[in-house]
Structure formats: structure tokens, C-alpha cells
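Here's the structure we're looking at; comments come further down.
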Amino acid sequence: MRYSVTIADRTVQVDLSGNRVLVEGRPVAAELHTVPGTPLRQLAEPGHTTTFAMTRTADGWRLLHRGEVWDAEVVDERTRQLREMTGGSSGTGGRHVVTAPMPGLVLRVEVEPGAEIEAGRGLVVLEAMKMENELTSPVAGAVTAVHVSPGDAVDKGTPLVEVSGEP
Amino acid sequence: MRYSVTIADRTVQVDLSGNRVLVEGRPVAAELHTVPGTPLRQLAEPGHTTTFAMTRTADGWRLLHRGEVWDAEVVDERTRQLREMTGGSSGTGGRHVVTAPMPGLVLRVEVEPGAEIEAGRGLVVLEAMKMENELTSPVAGAVTAVHVSPGDAVDKGTPLVEVSGEP
Amino acid sequence: MAECPSAIVKRVLIANRGEIACRIIRACHEEDLEAVAVYSEADRQSPHVHLADTAVEIGPAPSKESYLVAEKIIGAARDAGADAIHPGYGFLAERAHFAQLVEQNGLTFIGPPATAIRAMGEKTEARRRMEAAGVPIIPGSGEAVASADDAHAVAQQVGYPIMLKAAAGGGGKGMRRVDGRSDLDSAFRAATSEATTAFGDGAVYVEKLLDRPRHVEIQILADRFGNTLHVGERECSVQRRHQKLIEEAPSPAVNVDLRLAMGEAAVRAAAAVGYLSAGTVEFLLAPGDVFYFLEMNTRLQVEHPVTELVYGVDIVREQLRIAAGEPTTLPGRPMRPRGHAIECRITSEDPFNKFLPATGHISFVRTPSGPGVRWDGGIEAGNDVGVYYDPLLAKVIAWGETRDRAIRRMRRALDELVIVGVPTSQPFHRRVMDDAAFGSGDYDIGYLETHGERLLETRLDDGALERAAVAAALAEHEARGATCGVARNGPAQDGSAWLRAARLHGLR
Amino acid sequence: MAECPSAIVKRVLIANRGEIACRIIRACHEEDLEAVAVYSEADRQSPHVHLADTAVEIGPAPSKESYLVAEKIIGAARDAGADAIHPGYGFLAERAHFAQLVEQNGLTFIGPPATAIRAMGEKTEARRRMEAAGVPIIPGSGEAVASADDAHAVAQQVGYPIMLKAAAGGGGKGMRRVDGRSDLDSAFRAATSEATTAFGDGAVYVEKLLDRPRHVEIQILADRFGNTLHVGERECSVQRRHQKLIEEAPSPAVNVDLRLAMGEAAVRAAAAVGYLSAGTVEFLLAPGDVFYFLEMNTRLQVEHPVTELVYGVDIVREQLRIAAGEPTTLPGRPMRPRGHAIECRITSEDPFNKFLPATGHISFVRTPSGPGVRWDGGIEAGNDVGVYYDPLLAKVIAWGETRDRAIRRMRRALDELVIVGVPTSQPFHRRVMDDAAFGSGDYDIGYLETHGERLLETRLDDGALERAAVAAALAEHEARGATCGVARNGPAQDGSAWLRAARLHGLR
């Protein structure tokens, strides 16, 4: 099986067909060992051993290593090809729904439907864990919907504002 | 269900019929809560909370609490009655097989078949973890069999010596 | 007050949760005192409940219905037969009314007298008292201002920029920086609104904003025998929105003379309000060794461990002794710090997402340990992190012979720490330990503003990227194979293909 | 030797496993050195492998085929590009041949010169040297005795009881107490046989046995700049079969004057063999402050952390510095201890079954933490404890302002510690912390013999019995219900019976 692994917008091809490991076509002597009953996994390569704590995410794996954290999207070749054919992409165009990252209370709504905004523009201020947290737009574009009002209590994942990204 | 729980040769009757807890017939307001994914369990009683680490053993539970360790044999009423009828007991009579408590090397055998011995008499000296460990007889009685010789490598559980206990 | 009869303290209720409840329970056990925990419905399985000798449920998860209800705490103390209450920090710790209620119910409050809490809690009143006691204060309005215009009038005297601050507050809530008249109206409204929400009192006052000062605070201990002692300073300038993130002792900016001067000022501040128990006098330290009184925290401080490590004292133990009418064990003369200590607050906040608080189920924890590392934790595997409380999960504290050694040790400890299940501030701390600006010791309260963006850039060199990608691919491959339960490379002809596959994937 | 060129040390191979390998890897990382672990087939998943920057497999589980094979260690160092080797304790640490081999291969040995190891390793030779250097030695044969008769002749001069000791040995192996002529033959045979097995050399010598002395040892550090310094004493009298179980610093039996006298004797001992790096001179301390040289351990000691905590030094860091040709960071003058530290060795030995070594799979570990507690561990959940190595799993070290405080803190730490899966020595230690004889500080190497039986009696008061029984019954009830998957109390008529049952049994 061949996998495309994307971490921080950089993609690496890993081919695991036939009990070898090829990274971008280059053979690598790597083994992964698990500590039973824990998320700890040890990647052993000649001259280097790396221990990760690894957990599954919706689209791959989260890796913790020496205080750093990386989210790896792992896509097998077939799925990637399907995606390419159907034109799915992760660009900045299209509809973006900003949802509540945690349960909280809406304190302020800082945009109105129709507003043209820059990426990073504040959308909603949410109070959670006694702190005010401003949620911002991931993209530049137009506000197409505002779903909440000040005083609303929202659960994690509640859609707050929709932004139509510039293509 | 009613249970006989024996710890360190003392037995307590615990009756859990009908969602109540009776200890020796006395009602007790006790609840047991588990920390998910851990062996930690919390016994909550009015005015007292006790946290145990608990694991199953062959005949009940091992409980760890503040540096102490207790092995609890838990027998339900039916099993206990059956045992009483069939005369099963845990006395010192009968055949006792002394087995190797860990893998090791037999250094010396200190008894011969037929010997009359006291409880605590040394039987076999086993080398394990670089230490010499003398295994002793749990009961007074007669040595009925010696299964090993000096120089034998033995696994955990290997029968070493059999002693017929005084009734 | 030496004639004051000793209170009997045998069973202490800790009116708190999380790491500080664990810290206080440990101190109780080391003093042969029984510890009573309280817990909300969300906290039944929290570590503080496990460590205590008994635990009392005090209501639903929201603090307003549990940890903040003074009557429930008092009731729990009575039910559990406690004779004293330690409030920890936050929650009811700085509510004078609560301290009073505890004493009225015949229980011992492990903290300062209600009068001292009240005197320091009302910020403009505290300013006046400090001024009278000869403690340097920041130029400002001295009392609450009624409007933005009034604030502007004061600002014209002391000069912009200014700071608006909640008169009833503390902990960074109800505070706003104002750079000029044009910002003032909105800032005044925001500060008043936040102060009303947080403290039930919207009054705000004006202080001159110092240009990038350092936040340096002095630990105080006062007993009933007339000893009011200072126990060195803590440097707390690494902050985000006035919330401390990293603290250290001693401060890289404080020498022996300055320590003595600040210590003596702090003692005057504490003595001026008849202080007892542990407390902290916060100062802003400006260039030229000029320092100004900021506020006094009339309670145990989150960052107390760094002081404990360099002075070899146990501040919670001192609190327990003082509450029981015993003298402090500290020498009367100024103590000398040994080595250096740093604390990193591990919170359930995602540094790569503007430190947004996060929730989750903690499935695995590997705590750092070994030489010079202290873990003051409030979580264990199996716990849920919810939305109801402060996001502080645990504190990592490192001691070293020098500041450089303490930083290296903290770096090593943060390398070891693993928390699975919720994003934490750990990566931020780890990067600060590598940062030259922090390493130099020459930083101020603008540290995060100046360096935060750079510190939190994506960091992934080619080698790390490749290793992480290979690990993720192998894990995915294994997970898919294990799910299907069939050989992935065609039918096995003999055992060896299986063996190789098993070896490759770390199956046992 | 100050003209000796500095060795380049960038990448250190640790020729050990378990807690001491972890301890040394941590020190390397704190000094910006890379750490190379070695592991046998049994240790692939051990914590020291996870902590290191790279790890090299060196063979099958038995140490004779892995950790004890000098050539494999050297080969691993070459393969991994290491430039220095730290031997830890045990295994190859005190093999002069190994130290020599390391240097011959162009690598730096982090420890004393082979000549010093050899001089101290041959016990009768060491005795002669110590005598010449003015270090007090125990009266005895001075050299190996050829037979039981020869041993008897010496015994008649110095008086029974005597001790037979392996000339090549240490660590309690090949040692036998002899109370009179009648015991001598069998003891001589046993000691000779054990010495042959352990050291490949059956030579034994005779020493007068002191009446219940204390075991007190002095920590030494020596660098290439002519500094040979003593860093206080450790009290190690709680032993079982000459294996230390509990150590503390300072010793309750040592005052400032005695500390200086013993320290200076230890420095003479080290200097007499041209010592470098960290080492320990062990003494027997008899009433009246009389002390005798016992042996010198030419390596890092298991119990080094108690010294680190009271003197604020990092002994492994000093070893790394000294090996790299740097001077020690310690002051030349005698240092003063601050507070008190105690170490308990947590081993996989069952104290209720004659401390028999036990094996098992560790499924859960809760490490103690909080103020004043250090955990130097070599195990984590998921590890197997096998038969191949020393049973030491981890060390709990507690620091307190006074000895009494350190004991209370250790008690608290042992209350927190949970290891599930293998019996450990934890209950023994926990009980010692409550023991008045230990608490008084007035104990000697007969402590365990005198108090062991009493300490290890079954302890279970009525309340604890009842609570444990109820917990076991409820857990059993729940487990049976979960296994059967049916309601235990007849068919549920509505949801509430299930709810009650769930609440009762702690299901979520």
C-alpha cells in the first residue's frame, strides 16, 4: 500500500508494499514498535530511535514527540486518486463554517452577513473557562451567514459564522 | 448474591442481594467507583473514601492501598457450600508441592525423599537474579518426592519437592 | 497575638480542586492531618478525590453551583467533621465574606484574616493604604473614576499610555490598556463590563502604564508571633493577557540589595493590613531598579513551588502551622536562595490556536521525573477535561544549580512529558526553553507580544517530517491490517512472512 | 594532569539498563550530549530505550550474552558513533579490563582509570594500600587465606566473630559471618564457591566482625585538576544480606567533626589510587565515632541521589564534566548539607515471602510526585519484569527540611505509589517509615535482623479488613455481571433498577 502523509502542509509519499519501506521512492530501514497497552510507539532506524505518542484522528494520526505535536493526514493512494478526480481540495476557496471549538457563551458577534472580510478578522467572542476568546476567519471572503447572537450558550461544534472564501 | 471474602485468614460475609450492601448482616452505605481505563477503584462510604488499585487473581482480588497489599479470596455462597460438603479445605494436611517461584538454577538440594521435616525447613536453593534463594517447606511432614538436582535450570512453576503434611 | 489560644487543627477540608487541592492534601498528610476533599459532579474521579481521606460531593459541575457556594463548603466541613478549611487559590480564596463565614462557624480559615483580604481586595483602598505605609505605588487616579472623561483627566496628568483596572478585581480581569483618548471610550466600557461580570462591581481606576516593566513578586509569611517575613522574589513576566505562563526564582533582574528593598516594602505592605499566613505582594519592576506596588494576593499562589525549591521551605506547611497557632519555622534573617527554579504551567490551551481552551478525555499521561524535576499535577489518565474550570492541568517545576541548568532541565522534563487526549501549552513552553531571548534573562511583560508569533511558527525539519510521516504510515498500515484481520501481502505461504510482518509492525 | 587535553564528548553510550540508564541519559540531555542506549532482546520496550536518542540491540536477554559482553558494548559504541561510555553500576562498571578496552578503542571511559578500579577491586591489595595511606582498616588477615585452618589462625588473633570476604568481590557476594571454629568449614566452602561463581576467583580473606556497626559511606569527586573532594556521607545501614534497602543523608550518627574526619580519610583513600570521577568510600562506623575502611566502590552508586538532594549537586553531571576534561563545579571547601534526604529502593521482591524475586507484566504504574519527591524509575506500564536482571525497579527519594519531615514525606510518597503486576518491596518501606526504631535514627546494620519479622507481620485492622472485603465483593459482583451480561437481580422492569445498579458499581 502507498500512503500520502501530509503534516503542516508538506506531503511525503510512503510506500509500504511488500514489507519494505520506501520514502519518496528511497528505501528506509525503519521499524515501528508499540509499548503494549500504551500509545507509545518507537520508530527504530539505523542510528536513530524516535519515540512518539500516537493517537488516531479523523483523517490520520496525531504524533507527540519531545513536547511538539504534529497532525498527520494519512491518505492511501486510491483515496487520493479519487479525490483528485472529484476535485476535492483543501484550498481557501469554497464555504467555510466557523464552529465553536469548545462549549461557551457568545459575548459578542463582530460581523454581519454580507461583510467582506480579511483572513484573521474577528468574528465572534466566546466566553469559556472564564476567558474571552475571539474566533477569527480562516480565509478572506464574504460572510454568508451568522448563526448566533450575544447571550447564546453554544456546544462544541456549533456552527457560528459561515464565510465564502475568495477562490 | 452473598460472598465470603477471606483476607489474611480472616473471613467477612458480604451480602449484595437486592442492591444493598450488608457486612456480617449490618447494612453499609458503600459504593465502588472505577477510574475508566485504570485499576483504580474508589470505595465511598459516609465520612471515608478509600482508593484501591485492584486486579483479579485466580481466586479473587488483589488490593493495593497506601503501600499495603492484600489478597482477597472471594467465594460465593453456593461455591462455599459445595466446598464444605466435599470437605475441601486449606489446612496443612495433604500433599504439598513446592514449585519454583521464578525461573532459575538449582544450586543445592537440602533434603532427601523420606526425610521428616519441620515447617520452614530449607528444601532447595535456587539462584535467580544473581541471588541465592532458599525455598522452605510450608508445613511439617515427610518429603515424598524430590524432582530436581543441582545444576538443573527450572522454569517458574516447576515442581521441586513434594511434602506430605502432618494431618 | 502570641497569647491567642492555639486552634485545634486535625482534619482539613480543601475547598478546591485540581493540582492545588492535591498539593494541599499532600501537605496535610505530611503533617499528620486528615484531608477532606470536596468535588462537583464533574470531579468524582479526579485525583484530589483519590488522595483525600474522605470526599464530599457539593453539587453540579458549574462552579457557581458547587465550588463557589460558601454554604455548601461550610456544610461539607461540618458533615465531614473538619475543623479547618484551606481555600487554595481562585474560587473562594479571596472572598473576605467566606473567610468570615468560616470563622463564624467555629472553623479555622487557613489564610489571612477577612479584614486583610478585604483591605487588599478593594484596589483603590489598598493603594491608599500602601501609600500611607511607604510602599511605592504607580501614579494614577487613586480611586475609581466615574467616566471615560474622568479617566482622561487623570491620564493627562500622568501621561498616556494608561491602564484601566477593576477596583474589585485581580488576575487580569477587567483590565484594559489605553494608548490615547480615541481608545478610551470602548476600553472603559469593556473594562467596566468585564469587571461587573467577574466581580459584581464595575468600578475601574486609572494607573499610568509603565513601559515594559517586569512582573516581580515577593512571597510573604506572617505568623501570630509578630513575625512577618519575606521569602525572596519570583519573576513572572512571561504572561499572556495578564495570565502567568512561566515563573522563576530568583528573578534574573534582582540582586541582593534590590531583593532586600523589595522584601522590606512587601513586609510593610503586609503589616499595614495585619496580614497572617502566606501572601504575595506583586510589584512592577522598571529599569533602574524602580519598583511599584501592583497588588497583594491574599492567598497561596499558583507559582509558590519555585520559592520552595530555592529556599528549601514548604509554604503550605507553614500555612498549616500558622493556622494552628504555631510560629513559622523560618529564620528571622533574610534567607539566601540556592540555585534556580522555573515553573511551566501546563494548561489545556492550544498554543497554535491562540491558546483557545480545549476539552477532552485524557487517555494517557507520562509525567516527567528524575533529578531536579517536580510534578504538581491535578490530572491522571482516565480524567475528562471539561469547560467548567480553570484550564491549569499541572505544573512542571525544575530546579538547577544555575538558571542555565534549570532551563536545560526544564527542557529535558518537557521532552519527557506526554499528555494524550487534549491539546496543551506544552509545545509553547518547550520552545521558550530553547529561546535565546528567554535564555538571556533580559525580558519583560512584553515577552509574549514580542516573541510569541516567532515562537509558535511551524517547526518541522526534513528529518522530523520524514520520521513522523513514516511512523504515521506504518501505524495506519498496522491499524488497517489489524482491523481486517487478514494478511496484507497475499496469503502467507509459510510462517516467515507472518513473522516479518509481525516484526515490522511491532506485534508481540 | 591539568595539561591533559580535553576529550571530545558529544555522544555518550550508556552500557546499562533500568533506572540508572534513564538517570544517565537525563544527565546527558541536560548537558546537550546525545545518548545512545543499548538493550538486550528482553529490553526493547524499556524506558531507557525510549529516552535515548538512539538504541543498539546487543544480544539475548541473559546479561552474559549482552550487557556483560565488553566487545558488544564497544561495537555498539562504534556503530552508533559514540565517543564516550558510561558504565552505570553493576555489569561492567567495575571491570578494569573493560575500562581499559574502552580507552584502547579511542573512547572516553566515564569513570576512574582502570588502574584505580583494579587497585580497589582486589580487596586485600586495597587493604594494604589503605593502611599505607593512613586510612583505618578493620583488623584481619590482610591477604587471602588458603584454608579454613588458616582463617582460624587469624580469627584467634583478632577474635571471633569474623567475616569471610571474597578478595575479588563486593556487593555482598562471597561473604559469610563465622561465629566460631565449628561454623568455619562450611562457611569457607560457601564463600569460596560463591566468590568463584560471582567473580571467577575464589580467594577469600578474614576480617574481624564488628558488633553491629553502621554502614556509612563518603561520596568522592575527583577531577584532572588535582581536586579530590568529599561530598558528605550516606547512611546505608538498612540492609538485607548486605544489599542496601534504604539510604539517607546525612547520617543520624555523623556530626560535623566526624563528617570531616571521614571525608578526609576518604579523600586519602581515593588519592592513594589516583582516583578520578565519582566514587564512594564505604566505612563501618562503630560506637565512639570509630570508623574503618570497608571498600571503595569505583563507580556511581545506586544511592547517589540522597547526596544530590542535600548538597544541591548533580553527581552524574560532574562525571560527564570530569570525563570531558573540565574541572568539577564544586567549591574546594567542605559543603554543608541542607535538610535531609531518604531513598527507598523499590524492587520486584516480595517482602512477605522472604524477599523472593518475582516476575510479571507491569500493567499500571502511578508514580509519587509533588513537593520534595523524586522518582528515579526504570519501569513504565507495559513493561515485563523478567528474571535476567537486578530486581531494582525504581527509587523513591524524599527530601525534607529535617529528618522527621523527610520520613513523613517518604511515607506520603509511598502511600501514592502504585505498581500493579508484580509484588514489590513497597510495603516493607512503607512500614519502616512508621517504625519508631528507624524514626529514632538509632539503628545499625542489624536493623532488619532485629526488626524485620515484627515489621512484616500481617497488619489489617478491622476497618481496613471490612473495607477491603466490601471492595472485593463489589468488584467481583460487577465483574460477574459484566461477564454474564445479564441483570443480576432478575429482569429489569424499568430503567431505574439498571440505573441504581450502575451507580452502585461505578459503571459510567
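In what follows, chains are A, B, ... by sequence order, proteins preceding strands, each numbered from 1.
- Using a 4.5 Å cut-off between heavy atoms, C:Arg411 does not touch chain A at all.
- Contact of C:Ala475 with chain A is made through backbone and side chain together, with heavy-atom distances under 4.5 Å.
- Side-chain polar atoms of C:Tyr388 and C:Ser66 form no donor-acceptor pair below 3.5 angstrom.
- Neither the backbone nor the side chain of A:Gln13 comes within contact range of chain C; no heavy atoms are under 4.5 Å apart.
- When each of A:Thr6, A:Asp76, A:Val35, A:Val69 is scored by its heavy-atom pairs under 4.5 Å with chain C, the top score falls to A:Asp76.
- When heavy atoms are compared at a cutoff of 4.5 Å, C:Thr359 approaches chain A by way of both its backbone and its side chain.
- Within the 4.5 angstrom heavy-atom criterion, only side-chain atoms of A:Leu43, from C-beta onward, approach chain C.
- Shown here for A:Ala30 and A:Val21, the closest heavy-atom pair between the two residues is O-CG2, 4.0 Å.
- In this structure, A:Ser164 and A:Thr144 approach most closely via the heavy-atom pair CB-CG2, 3.5 Å.
- You'll find the side chain of C:Glu476 reaches within 4.5 Å of the side chain of A:Arg56, heavy atoms only.
- If you measure heavy-atom distances from C:Phe352 to chain A, the contacts under 4.5 Å come from the side chain alone.
- Annotation: side chain of A:Gln42 is in contact with side chain of A:Thr49 (closest heavy-atom distance under 4.5 Å).
- With a 4.5 Å cut-off on non-hydrogen atoms, A:His48 touches chain C through its side chain but not through its backbone.
- Considering only heavy-atom pairs separated by less than 4.5 Å from chain C, the leading option among A:Leu63, A:Thr55, A:Thr51, A:Asp9 is A:Leu63.
- Neither the backbone nor the side chain of A:Leu107 comes within less than 4.5 Å of any heavy atom of chain C.
- Between A:Val124 and A:Glu110 there is no side-chain heavy-atom pair separated by less than 4.5 Å.
- Residue C:Ser193 does not touch chain A at all, counting heavy-atom pairs closer than 4.5 Å.
- Side-chain N or O atoms of A:Thr34 include none that pairs as donor or acceptor with a backbone N or O of A:Pro36 at under 3.5 Å.
- In this structure, a donor-acceptor pair under 3.5 Å is present between the side chains of C:Tyr67 and C:Asp43.
- Of all heavy-atom pairs between C:Ile246 and C:Val432, the closest is CD1-CG1, 3.7 Å.
- Between chain C and the residues A:Met54, A:Arg2, A:Glu73, the most heavy-atom pairs under 4.5 angstrom are made by A:Met54.
- Interface residue C:Asp462: backbone and side-chain heavy atoms are both found under 4.5 Å from chain A.
- Between chain A and the residues C:Arg366, C:His429, C:Glu194, C:Glu416, the largest count of heavy-atom pairs under 4.5 Å involves C:Glu194.
- A:Val23 is listed as a side-chain neighbour of C:Val470, based on a closest heavy-atom distance under 4.5 Å.
- Interface residue C:Leu460: backbone and side-chain heavy atoms are both found under 4.5 Å from chain A.
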